[in-house]
Amino acid sequence: MHYYEVFLLRSSAPCLTYHADGVLYAGSVVSVPLKNSLKEAVIVAEVQKPDFKTAEISTVTDKRYSAKQMEMAKFISEYYFSSFSEAISLFIPYRRGAPCGYPKRRGCADGGQPQGIAPTLTTIQQNAYTQLLQKEKALLFGVTGAGKTEIFIALMAKMLEEGKTSIFLMPEISLTPQMEKRLKVYFGDAVAMWHSRITRKKKEQILEAIEDGRVRIVAGARSALFTPLPDLGLIIVDEEHDDSYKAQTRPRYHARDVAVLMGQKLGAKVVLASATPSMTSYAKYDVVKLEKPFIETKKQYRFIAGDSISQPILNALERNFSSGHQSLLFLPTRGNFKYLYCERCGKTHLCPFCSVGMALHRKYRHLKCHYCNYTEPIQDTCQHCGHTPLKSERMGTQEAIEVITSAIAGIKVEQFDRDSITTSKKLKDALKRFESGASHLILGTQMLSKGHDYANITLSVIMGLDHILGLADYRARERAMSLLLQIAGRSGRAKEAEVLVQTNDPDFFRTYLHDYEVFIKDELAFLEMAQYPPFVSLARILIAHKDEAKAGKITLDTVTKLKVFEEIEIVGHGKAPVERIADKFRFQILLKAKNRVPLLKALHSVDCREIEIDMDPVEFS
DNA sequence: AGCACGCCGACT
DNA sequence: GTCGGCGTGCTC
C-alpha cells in the first residue's frame, strides 16, 4: 500500500493523506472522497503510513501537472501567501499521458502555419524586433501608434517557425475582441483567445486543440498565462504598466512578474511592452525603445482649470461636433455624482455597510455603493443632522452626458463605463456605433484608456486627473501621468488632434507630455529618495472583521510579532483608508524592507489565518 | 429554557 | 470547498 499527501484543488483545505494500491506521481490529478463527496486533488508526495486511518484514492484522472507547474505554484503560494491548493488551481494540467511539458506532435503541426500575409516591418520596427530576438527578456517601450503589435506578430510567427508556442497577455477581457481580429488575420486557427468569460465547453475545445498541436498561440487576460502550452517559446505582456495584471483575490499574484518567472523556468523569451512603462520594469529590465514613426501625428495640448463640465469644455465639444468630427471625454467617476454631502454639518451620505459615500445614479433612481453594490432610494435629508436638501459633489459620467446632451443639440454620446458596458456585446456595439460615426462623443471612465483605437477622434477632453494625482498612494503621479498619455494616445492616430486637460496643476503634466522617459527618470529618482519600490520591497497586510475591536486587536498582535524582525520596517498601521467594506472593519499594516527575503521570512512567521497578505501591493484603499 | 442562525474549525 | 458543533442572542 502506498500513502500520498494531496492538496484539494480549488480549496483552502490543508494537505491531506490518502492511500492507493498502485504507484502514483507528484502532479497527478486524482479524485478522493472527502466527507460525503468526491473531490479533485493533486498528489504532492508519497509518505510513510500515517497513524490515522486513511481513505482510498478513488480514481486517477488523465490530468497531470508538470514538475515545472508544481514548482511555480509552490513559488506563488510562498511569495504571495496563498495555500498551495489555491496556487496550483491557477494552472491547467496537461492531459492524456502526454509527457509533461512536451507536445504529442513536435514542431510544425498542420494547423500551426501562418495563414495571412506577414506584416512588413518598418526599419524602426525591424530594429526593435532584432534586438528583442537577442534578449531573454526585455521591455519594449514605444509610444501608442508606433506599431508594437506588428512586432509581436513577427515574434510569434518566428516562434511558430521554430516549432514553439506563445502566450500573449492583455490586461482586460474587453481588449480581446479587437486583438483577436488582428491575430486571426495572420495566425487563423493557430491562435485561441482565453479568459475567465470563455465558456467551459469552448475551453475544453481549446485545450484539445492545444494538445494535438492545432493551437500554438494563446492570447487573452491573466488566466491565459496558465494554459498548458507545450514548448513555450515566448510570453508577451502587452500594456505591462496596467494594474489589472495584479490579482485582487488570493493568490494575489502579479501576472507580469509571474510571466517573467515562467519565462525563466521554461526557457521562454519574455517581452513586456508599453507606451508608459512601469517604473519597476524600466528599472529592472533591458529597454528596447521603439522610436516614433516618421509620420508623427500631431497633438495640441491645452490646459484649463476647474472641476466640472465648464463652458470652455462645452465650447470645444460643440465646435468639434459641428465641424463633423468625433470627440472623447474622460472622467474617473461613474454615475451622476460621487457623493451627496450636507452643507450644514459637512458630512457625506455614507453606505450603511462601508465607510464610503453613496454615488448618485439618477437614471436608476437610486444611490449605489461602488464598494459593496448596496443600493437605496435617493435621499434628500442628511442622515446625521436632518438638514435638507443634500448637495451633490464630483460629477460622474452619467451627469456629464446629461449636461452635454442638453447643451449641444443633436450630439449622440456613447457611454463607456462599467455601468453601461456590462457585456461583450454592449462593448462591441458601442465601438461599432462610434467607429461608423453614428455617435459623436465617446464618454467614459478608465475603460477608455485601455488599448482601443479610435481613429477619427480629433478632440480629447481629460477631466478629474487632479483626483488621481491627489490619491494617498506613492504611485499617484505615475497613475495620473500614464493615464493622461494613454488617453491622449487613443486620439489623433489619423488626424491632428487637440487634447484638453482639466487640471489645477498644469506645470506637472506639461513637463512630461512629450517624453515619458524623462518622467520615468525623475520619478525613479523620487522613489529612490523616498525609498519606495522598485528600490525597496513592499507588503500590505489587510485585516477585516465584523467586530472592530477584534480587527484592531489582530492588527496590534500582528504588529507586535513583526517588531522583532530588525530588517523590516513597519511603515505604519491602523485603519485602512476605506474603514469599512461590506460590514467589516478594515485595518492595515504597511511593511517595507530593503529586499524581499527578510520581508517574506518575517511574514511567514505570523499566523495568516485572520489576515490577508498582499505582496507588492498596487491597491491601498 | 428552547430554538435559530451564523461563525469557525475539521476534513485524511 | 462543505459539513457539523457550538456559542450568541432572540422569543416564548
Side-chain angles (χ1 to χ4, degrees), chain A residues 1-61 63-65 69-70 73-74 76-78 80-93 196 200 203 223 226 247-253 352-354 372-374 541-558 561 580-587 604-613:
Chain A
M1 193 65 73
H2 300 271
Y3 296 86
Y4 297 98
E5 285 188 334
V6 307
F7 274 105
L8 301 180
L9 293 178
R10 297 169 288 279
S11 148
S12 56
C15 193
L16 303 173
T17 310
Y18 288 84
H19 68 261
D21 280 337
V23 175
L24 298 170
Y25 297 96
S28 271
V29 176
V30 295
S31 126
V32 295
L34 181 77
K35 294 266 165 89
N36 306 322
S37 61
L38 287 179
K39 302 274 171 197
E40 270 202 326
V42 56
I43 305 272
V44 284
E46 181 163 3
V47 289
Q48 292 295 308
K49 185 181 192 313
D51 41 21
F52 49 80
K53 206 168 173 302
T54 56
E56 188 178 10
I57 289 170
S58 331
T59 25
V60 180
T61 70
K63 294 184 238 173
R64 169 133 178 230
Y65 288 107
Q69 286 178 315
M70 296 287 277
K74 188 157 185 290
I76 289 170
S77 72
E78 287 170 3
Y80 293 108
F81 294 87
S82 76
S83 69
F84 181 80
S85 303
E86 289 165 323
I88 195 67
S89 302
L90 291 171
F91 291 84
I92 295 165
S196 58
R200 212 186 183 157
K203 280 187 177 174
S223 59
F226 302 101
Q248 289 306 326
T249 53
R250 265 184 315 180
R252 293 175 163 260
Y253 69 97
F353 307 107
C354 311
C372 72
N373 285 335
Y374 171 78
I541 303 178
L542 192 70
I543 302 100
H545 203 281
K546 271 196 135 159
D547 181 348
E548 183 170 14
K550 181 139 193 219
K553 187 180 181 312
I554 297 168
T555 308
L556 288 178
D557 288 350
T558 311
K561 279 181 207 148
R580 203 156 64 112
I581 293 181
D583 214 11
K584 281 185 170 171
F585 289 90
R586 304 167 82 246
F587 284 69
H604 274 293
S605 79
V606 299
D607 180 6
C608 56
R609 274 174 306 179
E610 293 176 298
I611 63 176
E612 174 105 354
I613 297 172

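First the proteins, then the strands, lettered A, B, ... as listed; each starts at 1.
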Would you tabulate the nitrogen or oxygen pairs shorter than 3.5 Å linking the protein to nucleotides 10-12 of chain B?
{"residue": "dT12(B)", "atom": "O3'", "partner": "T17(A)", "partner atom": "O", "Å": "3.1"}
{"residue": "dT12(B)", "atom": "O3'", "partner": "A55(A)", "partner atom": "N", "Å": "3.1"}
{"residue": "dT12(B)", "atom": "O2", "partner": "T17(A)", "partner atom": "N", "Å": "2.4"}

Original post:
Is the shortest side-chain N to carboxylate O distance from D557(A) to K561(A) below 4.0 Å?
Top reply: no
Original post:
Can you find a side-chain donor-acceptor pair between H2(A) and E46(A) that sits under 3.5 Å?
Top reply: yes
Original post:
Can you find a side-chain donor-acceptor pair between E86(A) and S89(A) that sits under 3.5 Å?
Top reply: no
**OP:** With rounding to the nearest 0.5 Å, note down the distance linking NZ in K584(A) to CD in E548(A).
**Re:** 14.5 Å
Subject >> T59(A) side chain to S31(A) side chain, donor-acceptor N/O pair below 3.5 angstrom >> reply: yes
Subject >> Covered region of DNA chain C, 5' end to 3' end, by chain A [heavy atoms, under 4.0 Å] >> reply: dG1(C) to dC3(C)
**OP:** Could you tell me whether R580(A) sits above the aromatic face of F585(A), with NZ or CZ closer than 6.0 angstrom to the six-membered ring centre and within 45 degrees of the axis?
**Re:** yes
Original post:
Angle class for the F226(A)/Y253(A) ring planes (parallel below 30°, perpendicular above 60°, tilted otherwise)?
Top reply: perpendicular
